Amino acid sequence: MEVNKNKVQWLIKEIDRIISILLEDEEKYLKNTGGEHVRFKNSALNLSHYMSLRGLDIRKIQRNLGDLGLSRLARSQQHVLSSLYHSKAVLCALSDSKLEYWPDQLVSIKEGRKLSSKHTRDLLGARTTGRKVRIMVTLPSEAATNAELVLNLVKKGMNTAR
């Protein structure tokens, strides 16, 4: 397969542009958090990157990445920067370019998945045996005085309520 080096160089520049935007937007998304607990810092940063990425139109980039058989970044929500840097590393290898920078503090793809699972479990509780999803129910006002209503929802599979 012949690789179009110009297309690859364009993709590298676009990924660099996206990374710059995500890093610039960190402050915008994190300034009103009240200072995240150190335990959640990496997750808070990743969430800010995800929010920024979702605000960008990356369809052309995704199409071109897909044409090369690379990740289209569609499932990068748990490890946004890591996915971008990994894609860039592969693109650099395809174009015989040198990857000039790799951040020390990246949440790895594996670590991102682990953090997401742990935070989900901490927030929503353990999964019900035999089910991959958790069910959250928005309770009506009457739930405050009707214990039977709440008990029936639990029996039907509700994991958490709000």
Side-chain angles (χ1 to χ4, degrees), residues 1-33 35-137 157 159-160 162:
M1 173 181 121
E2 185 76 25
V3 175
N4 181 331
K5 304 272 184 174
N6 290 331
K7 185 185 282 189
V8 172
Q9 286 300 320
W10 176 82
L11 279 165
I12 292 169
K13 286 179 182 156
E14 285 299 298
I15 287 175
D16 282 339
R17 182 183 66 81
I18 290 170
I19 290 169
S20 292
I21 291 169
L22 302 188
L23 295 176
E24 287 172 17
D25 284 354
E26 280 180 7
E27 188 175 325
K28 175 175 80 174
Y29 285 109
L30 298 177
K31 73 178 177 183
N32 295 321
T33 63
E36 70 281 348
H37 189 281
V38 70
R39 181 174 142 217
F40 300 110
K41 183 174 182 173
N42 287 340
S43 295
L45 286 170
N46 186 67
L47 179 59
S48 80
H49 301 150
Y50 176 69
M51 299 284 290
S52 293
L53 184 66
R54 295 289 296 175
L56 301 173
D57 182 358
I58 62 168
R59 291 175 291 185
K60 185 175 180 185
I61 297 163
Q62 289 177 306
R63 199 170 32 256
N64 281 283
L65 287 169
D67 289 347
L68 291 169
L70 301 176
S71 168
R72 295 169 45 95
L73 306 171
R75 300 201 54 199
S76 66
Q77 62 268 19
Q78 299 167 336
H79 37 73
V80 176
L81 275 183
S82 189
S83 293
L84 287 164
Y85 276 103
H86 277 86
S87 294
K88 182 179 175 180
V90 172
L91 291 166
C92 286
L94 284 173
S95 67
D96 300 320
S97 302
K98 184 177 183 211
L99 182 63
E100 303 202 7
Y101 174 74
W102 188 274
D104 292 332
Q105 300 301 319
L106 270 184
V107 173
S108 71
I109 292 171
K110 186 176 181 179
E111 181 186 3
R113 282 195 291 261
K114 283 183 181 180
L115 283 171
S116 180
S117 292
K118 180 180 181 349
H119 295 326
T120 300
R121 192 173 44 256
D122 290 349
L123 183 63
L124 300 175
R127 289 190 330 216
T128 301
T129 304
R131 203 170 65 202
K132 290 190 175 203
V133 298
R134 291 168 180 85
I135 299 173
M136 178 188 290
V137 176
N159 297 97
T160 190
R162 59 179 182 159

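It should be emphasised that the depicted structure is a prediction, and the values quoted were computed from it without experimental measurement.
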**Q.** Atom pair CE/OG1 of Met136 and Thr160 - distance to nearest 0.5 Å
**A.** 5.0 Å
**Q.** With Ile109 via side chain to side chain contact (heavy atoms under 4.5 Å, CB included) - residues at least two apart
**A.** His79, Ser82, Ser83, His86, Arg113
Q) Are Leu45 and His49 close enough that some pair of their side-chain heavy atoms sits under 4.5 Å apart? A) yes
**Q.** Non-neighbouring partners of Ile21 that pass side chain to side chain contact (heavy atoms under 4.5 Å, CB included), sequence neighbours left out
**A.** Arg17, Asp25, Leu56
**Q.** Pairs touching residues 43-58 that satisfy salt bridge (charged side-chain N to carboxylate O under 4.0 Å, His left out), sequence neighbours left out
**A.** Asp57-Arg59
Q) Say you draw a straight line from CG of Leu91 to OG of Ser87; how long is it, rounded to the nearest 0.5 Å? A) 6.5 Å
Q | Pairs flagged by salt bridge (charged side-chain N to carboxylate O under 4.0 Å, His left out) wherever residues 73-98 is involved - sequence neighbours left out | A | Lys5-Asp96, Asp16-Lys88
Q) CD/Glu24 to CG/Leu22 distance, rounded to the nearest 0.5 angstrom? A) 9.5 Å
Q) Looking at CG of Leu47 and CD of Gln77, how far apart are the two atoms once the value is rounded to the nearest 0.5 Å? A) 11.0 Å
Q: Kindly write out the residues that satisfy side chain to side chain contact (heavy atoms under 4.5 Å, CB included) with Ser116, not counting sequence neighbours, or none if the list is empty.
A: Gln78, Thr120
Q: Looking only at non-hydrogen atoms, find the nearest pair between Val80 and Asn46 and report the distance.
A: N-OD1, 2.9 Å
Q: Can you sort out the partners of Gln62 under side chain to side chain donor-acceptor pair (under 3.5 Å), two or more places apart, ordered by chain and number?
A: none
Q | Heavy-atom pair with the smallest gap, counting every atom of Glu26 and Ser48 | A | CG-OG, 3.7 Å
Q: Please name all residues satisfying salt bridge (charged side-chain N to carboxylate O under 4.0 Å, His left out) with Lys118, sequence neighbours left out, ordered by chain then number.
A: Asp122
Q: Would you name the heavy atoms of Ser95 and Gln9 that are closest together and state the gap between them?
A: OG-NE2, 3.0 Å
Q: Supply the atom-to-atom distance Ile58 CD1 to Arg63 CZ, rounded to the nearest 0.5 angstrom.
A: 11.5 Å
(Q) If I compare all heavy atoms of Tyr85 with all of Trp102, which pair ends up nearest, and what's the gap? (A) O-CZ3, 3.3 Å
(Q) Which residues pass the side chain to side chain donor-acceptor pair (under 3.5 Å) test with Thr128, not counting sequence neighbours? (A) Arg131, Asn159
**Q.** side chain to side chain contact (heavy atoms under 4.5 Å, CB included) assessment of Ser76 paired with Leu84
**A.** CA-CA 8 Å; Ser76 66; Leu84 287 164; over 6 Å; no
Q. Name the one of Asn4, Ile15, Asn64 that satisfies side chain to side chain contact (heavy atoms under 4.5 Å, CB included) with Trp10?
A. Asn64
Q: Could you tell me which residues satisfy ring pair (Phe, Tyr, Trp, His ring centres under 6.0 Å) with Tyr50, sequence neighbours excluded, listed by chain and number?
A: none
Q: Would you sort out whether Leu68 and Val90 count as a side chain to side chain contact (heavy atoms under 4.5 Å, CB included), showing the intermediate values?
A: CA-CA 10 Å; Leu68 291 169; Val90 172; over 6 Å; no
(Q) Please evaluate residues Ile135 and Val137 with respect to the criterion side chain to side chain contact (heavy atoms under 4.5 Å, CB included), reporting the C-alpha separation (whole Å), side-chain torsions for both, the decisive distance (0.1 Å), and the verdict. (A) CA-CA 6 Å; Ile135 299 173; Val137 176; 4.1 Å; yes
Q) When rounded to the nearest 0.5 angstrom, what is the spacing between CG in Leu23 and CD1 in Ile18? A) 12.0 Å
Q: Please collect all ring-ring contact (aromatic ring centres under 6.0 Å, His included) contacts where either partner lies in residues 106-130, sequence neighbours excluded, each pair once.
A: Phe40-His119
Q) With sequence neighbours excluded, what pairs up with Ala93 under the side chain to side chain contact (heavy atoms under 4.5 Å, CB included) test? A) none
